[in-house]
There are 2 protein chains.
Amino acid sequence: MEMLREYFKGFGELSEPNMDLLLSSCQERQLFKRDMLIQANQTVGSIYFVTDGFLHYYTHNDFGNQITLKIISPNYCWTIMDSFFHQTPTLDECKALTDVRFCELKKPDYLKIKSENVELSNFIQNITEQILSAKTVEAKKQSSLSVEERYLELLQTQPKMVQEVPVNIIASLLGTSRETLHRIRRRLAAA
Amino acid sequence: MEMLREYFKGFGELSEPNMDLLLSSCQERQLFKRDMLIQANQTVGSIYFVTDGFLHYYTHNDFGNQITLKIISPNYCWTIMDSFFHQTPTLDECKALTDVRFCELKKPDYLKIKSENVELSNFIQNITEQILSAKTVEAKKQSSLSVEERYLELLQTQPKMVQEVPVNIIASLLGTSRETLHRIRRRLAAA
DNA sequence: CTGTTAGTGTGTCATCTGACACAGTTTTTT
DNA sequence: AAAAAACTGTGTCAGATGACACACTAACAG
């Protein structure tokens with residue numbers, strides 16, 4: 001919970017009572033490796049904040065292949081936005097890659113927090129804007145960097161993820177095959 | 001301006017006076033083909049809403065190649081989020097591909113609107129959430145669909161764009177080369 | 001109206017990539 | 001402890017892609 005407090009602080013000032021109210025609306029939970037957090041056809045009812053471990057967020061393309069959309073690492077706030085905001089079922093899934101500890105903010109509590117008072121309402125708006133901003137930066141990287149460049153960045157920013165998550169899933173995250181990622185690694189090791 | 005009113009209505013209810021206040025904060029402008037809307041090193045100060053024509057939003061990768069990030073078409077609300085929200089200079093550029101008519105909401109006016117009253121504040125929050133949701137859906141398509149599938153979708157959803165925008169820019173939007181897009185077109189024409 | 005620039009269609013070729021195959025290792029389950 | 005499942009490293013090969021080249025056409029500016 002302390003980790004979540006620090007995370008929220010990063011988005012700006014928030015008075016003590018409002019911070020406590022916000023944190024008390026979040027529930028701590030955990031999953032074991034291979035447990036599903038979200039199954040296909042489910043409607044996502046919460047926002048999640050991982051404090052330890054890794055989650056695998058993926059979907060399937062028209063030919064049934066698994067497509068990794070994100071590996072969610074600690075200190076990250078995440079949900080399946082369209083399902084959460086519109087309350088429609090999703091076809092995506094989310095599964096624990098390791099044992100995972102996380103906090104959960106359920107939609108009713110999210111709505112209550114938003115309408116509690118002006119400071120909290122502005123705070124949530126601020127977070128939403130910053131997440132939106134971060135998403136577009138991420139999308140830009142996806143378009144403008146090569147697989148190798150993105151792998152190098154992952155190594156720098158998420159060394160633990162690269163260690164603990166199977167190569168085929170890292171490859172899928174980078175939008176390539178296990179074999180091609182292997183070629184990149186071999187090339188980098190040689191240099 | 002009527003187009004913008006309809007666009008806003010799509011996000012939910014808004015009382016007449018608030019809608020008028022919102023619309024009166026937007027200014028109508030236009031650009032001619034090849035005019036720059038945003039230059040590199042500029043800090044983006046507005047949100048834009050295109051009513052006619054196409055804008056080219058692009059950046060450059062480390063090797064100097066132009067990367068198309070988006071072709072902005074009518075009925076679309078857009079800005080360079082990280083520059084707008086954080087007021088930092090961007091390296092990206094935005095240029096008119098055709099003559100363009102659009103509305104502009106400057107940041108001071110955006111902030112004023114947000115803090116005007118609760119209804120407007122909630123309305124803006126709602127728009128932000130929906131744009132965030134749409135962005136993630138778009139990102140998912142980017143990852144899970146092939147170039148050909150995305151081209152077919154463009155043909156369906158944006159036939160005018162495909163007609164009016166040069167092939168090399170469409171190709172760049174799809175993350176491929178002019179030549180490969182041509183191969184796809186030939187294949188589709190044969191079938 | 002005419003020279004210049006921007007855009008299009010298409011062929012060749014070297015390179016990159018994904019799919020498949022298989023052996024060896026680690027992890028999980030019973 | 002043994003069997004099964006998951007994961008890793010690596011080679012081969014066919015097919016896809018990007019880079020280059022060039023001719024042709026359309027659009028634009030002086």
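Just so you know, these numbers use all the heavy atoms, side chains as well, and skip hydrogens, waters and symmetry mates. The chains referred to below are lettered A, B, ... by the order of the sequence lines, with proteins before strands, and numbering in each begins at 1.
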Listing time: all N or O pairs from protein to nucleotides 17-23 of chain D that are below 3.5 Å?
{"residue": "D:dG18", "atom": "OP2", "partner": "B:T176", "partner atom": "OG1", "Å": "2.9"}
{"residue": "D:dG18", "atom": "OP2", "partner": "B:S177", "partner atom": "N", "Å": "3.4"}
{"residue": "D:dG18", "atom": "OP2", "partner": "B:S177", "partner atom": "OG", "Å": "3.1"}
{"residue": "D:dG18", "atom": "OP2", "partner": "B:T180", "partner atom": "OG1", "Å": "2.6"}
{"residue": "D:dG18", "atom": "N7", "partner": "B:R183", "partner atom": "NH1", "Å": "3.3"}
{"residue": "D:dG18", "atom": "O6", "partner": "B:R183", "partner atom": "NH2", "Å": "2.9"}
{"residue": "D:dC20", "atom": "N4", "partner": "B:E179", "partner atom": "OE2", "Å": "2.6"}

Grab the N/O contacts between the protein and nucleotides 24-30 of chain C below 3.5 Å, and write none if there aren't any.
{"residue": "C:dT28", "atom": "OP1", "partner": "A:K33", "partner atom": "NZ", "Å": "3.2"}

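To the nearest angstrom, P of D:dT8 lies 6 Å from CG of A:N168. With rounding to whole Å, A:I170 atom CD1 is found 19 Å from D:dA6 atom P. If you take NE2 of A:H182 and C1' of C:dA23, they are 14 Å apart, rounded to a whole angstrom. Residue B:L97 contributes atom CG, which lies 16 Å from atom C1' of D:dC28 at whole-angstrom precision. Rounded to whole angstrom, the span from the CD atom of B:Q163 across to the P atom of D:dA27 amounts to 13 Å. Rounded to whole Å, atom P of C:dG18 lies 11 Å from atom CG of A:L174.
Remark: the A:S73 side chain and the A:Q158 side chain contain an N/O donor-acceptor pair separated by less than 3.5 Å.
Under the side-chain hydrogen bond (donor to acceptor under 3.5 Å, both in side chains) rule, A:S46 has a single partner from A:E104, A:R29, A:Q27, A:K107, which is A:E104. The one candidate from B:Y76, B:Y7, B:W78, B:F8 that meets the ring pair (Phe, Tyr, Trp, His ring centres under 6.0 Å) condition with B:F49 is B:Y7.
Ranking D:dG11, C:dT10, C:dG9 by closeness to the B:R186 side chain, first place goes to C:dT10.
The existence of a salt bridge linking B:E149 and B:K141 is excluded, since no basic side-chain nitrogen approaches an acidic carboxylate oxygen closer than 4.0 Å. Ion pairing between B:E16 and B:R5 holds under the 4.0 Å rule for side-chain N and carboxylate O.
Counting only distance, with no hydrogens or angles, the side chain of B:S83 and the backbone of B:T88 share a donor-acceptor pair below 3.5 Å.
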Checklist entry - side-chain hydrogen bond (donor to acceptor under 3.5 Å, both in side chains) between A:E138 and A:Q142: does it pass, once the steps are laid out? => result CA-CA 6 Å; A:E138 212 178 313; A:Q142 192 75 15; over 6 Å; no

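Ring geometry for A:Y58 versus A:H60: interplanar angle over 60°, hence perpendicular rather than tilted (30 to 60°).
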